[in-house]
Amino acid sequence: MTDDEKQIRGLIERWASAVHKGDLEAVLVDHADDIVMFDVPPPHEGVRGIDAYRETWPPFFEWQAQGAAFEILSLDVTAGTDVAFAHALLRCGTPKELTDRPETRLRLSAGLRKEQGRWVVAHEHHSFADTTAVGDGA
C-alpha cells in the first residue's frame, strides 16, 4: 500500500467514525468546497457544494441516534499522483433493520483529488441495493 493510499484510508476511516459520532465538523473537514454527493435520500440530482453537503447530515444524525450502526466492513483505495478513488461496504442500519436484513450493506464510492498536497473528497456516492427487485440476489 502506498503512502497516498494509507492517507486516504485514514481519511475515510476518520470520516466514518465522525459520521457514527455525529460530529459534523469532523465529517466536513476533508471534503472539497465543490463536493458533489449522490445520496440515498433525495434530491435525485444530488447535492453540490460544501454548504449543501453540510445540510444533509443533521437528519441522518437524528436517525442514527436510534442506535444505528455505521461501520466500515471493507475498504479499497486506488491512488494516482493527484486523483484517487475508493469504494467501501458498511454496516448501516438500526438494530432492528440489521436483525431483519443482516446482509444489508451501504455502498460507498468516493472520488478524491489532491489540493495543495492534501487529499480531499470531491465526489461521494452512497447507495443500498434495491431489494424490491424481482430475483433479489441478497
task = Under the side chain to side chain contact (heavy atoms under 4.5 Å, CB included) rule, what do R118 and D30 come out as? Steps first, then yes or no, please.
result = CA-CA 9 Å; R118 177 176 161 269; D30 291 311; 3.2 Å; yes
Contacts of type side chain to side chain contact (heavy atoms under 4.5 Å, CB included), residue [X], not counting sequence neighbours:
| X | value |
| --- | --- |
| D34 | A32, R113 |
| D39 | M37, P41, H126 |
| T78 | F85 |

inquiry  = Looking at E13, is its backbone amide N or carbonyl O close enough to the side chain of S17 to form a donor-acceptor pair, meaning the two atoms are under 3.5 Å apart?
reply    =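 No, because the side chain of S17 does not come within donor-acceptor range (under 3.5 Å) of the backbone of E13.
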Under the rule for salt bridge (charged side-chain N to carboxylate O under 4.0 Å, His left out), what residues qualify as partners of [X], not counting sequence neighbours?
| X | answer |
| --- | --- |
| D76 | none |
| D100 | K96 |
| D23 | none |

key: ring pair (Phe, Tyr, Trp, His ring centres under 6.0 Å) evaluation trace for H123 with F38   = CA-CA 8 Å; H123 176 73; F38 300 129; 5.2 Å; yes
Salt bridge (Lys or Arg N to Asp or Glu O under 4.0 Å): pairs with one or both residues in residues 48-66, sequence neighbours excluded =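 Qualifying pairs, neighbours excluded: D51-R54.
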request  = Mind jotting down which residue pairs meet the salt bridge (Lys or Arg N to Asp or Glu O under 4.0 Å) criterion with at least one end in residues 85-95? Sequence neighbours excluded, please.
outcome  =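 Of all non-adjacent pairs touching residues 85-95, those that pass salt bridge (Lys or Arg N to Asp or Glu O under 4.0 Å) are E71-R91.
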Donor-acceptor pairs under 3.5 Å, side chain of residues 4-11 to any protein atom, not counting sequence neighbours: which ones?
unit_1 : atom_1 : unit_2 : atom_2 : d
D4     : OD1    : K114   : NZ     : 3.1
D4     : OD1    : W119   : NE1    : 3.1
E5     : OE1    : T2     : N      : 3.0
R9     : NH2    : L75    : O      : 2.7

ask   = Taking only residues two or more places apart in sequence, or in another chain, which ones meet H20 in a side chain to side chain donor-acceptor pair (under 3.5 Å)?
value =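 Checked H20 against side chain to side chain donor-acceptor pair (under 3.5 Å); zero matches.
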key: Pairing residues for T94 by the side chain to side chain donor-acceptor pair (under 3.5 Å) criterion, not counting sequence neighbours   =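 Once residues adjacent in sequence are excluded, the partners of T94 under the side chain to side chain donor-acceptor pair (under 3.5 Å) criterion are E97.
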ask   = Is the shortest distance from a Lys or Arg side-chain nitrogen in R105 or E103 to a carboxylate oxygen in the other one below 4.0 Å?
value =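 No.
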request  = Using the ring-ring contact (aromatic ring centres under 6.0 Å, His included) rule, collect all pairs that involve residues 58-80, keeping only residues at least two apart or in two chains.
outcome  =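 Sorted result for residues 58-80: W15-F70, W57-F60, W57-F61, F60-W63, F60-F70.
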query = From I72 CD1 over to L106 CG, what is the distance, rounded to the nearest 0.5 angstrom?
reply =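 Between I72 CD1 and L106 CG, I get 10.0 Å after rounding to 0.5 Å.
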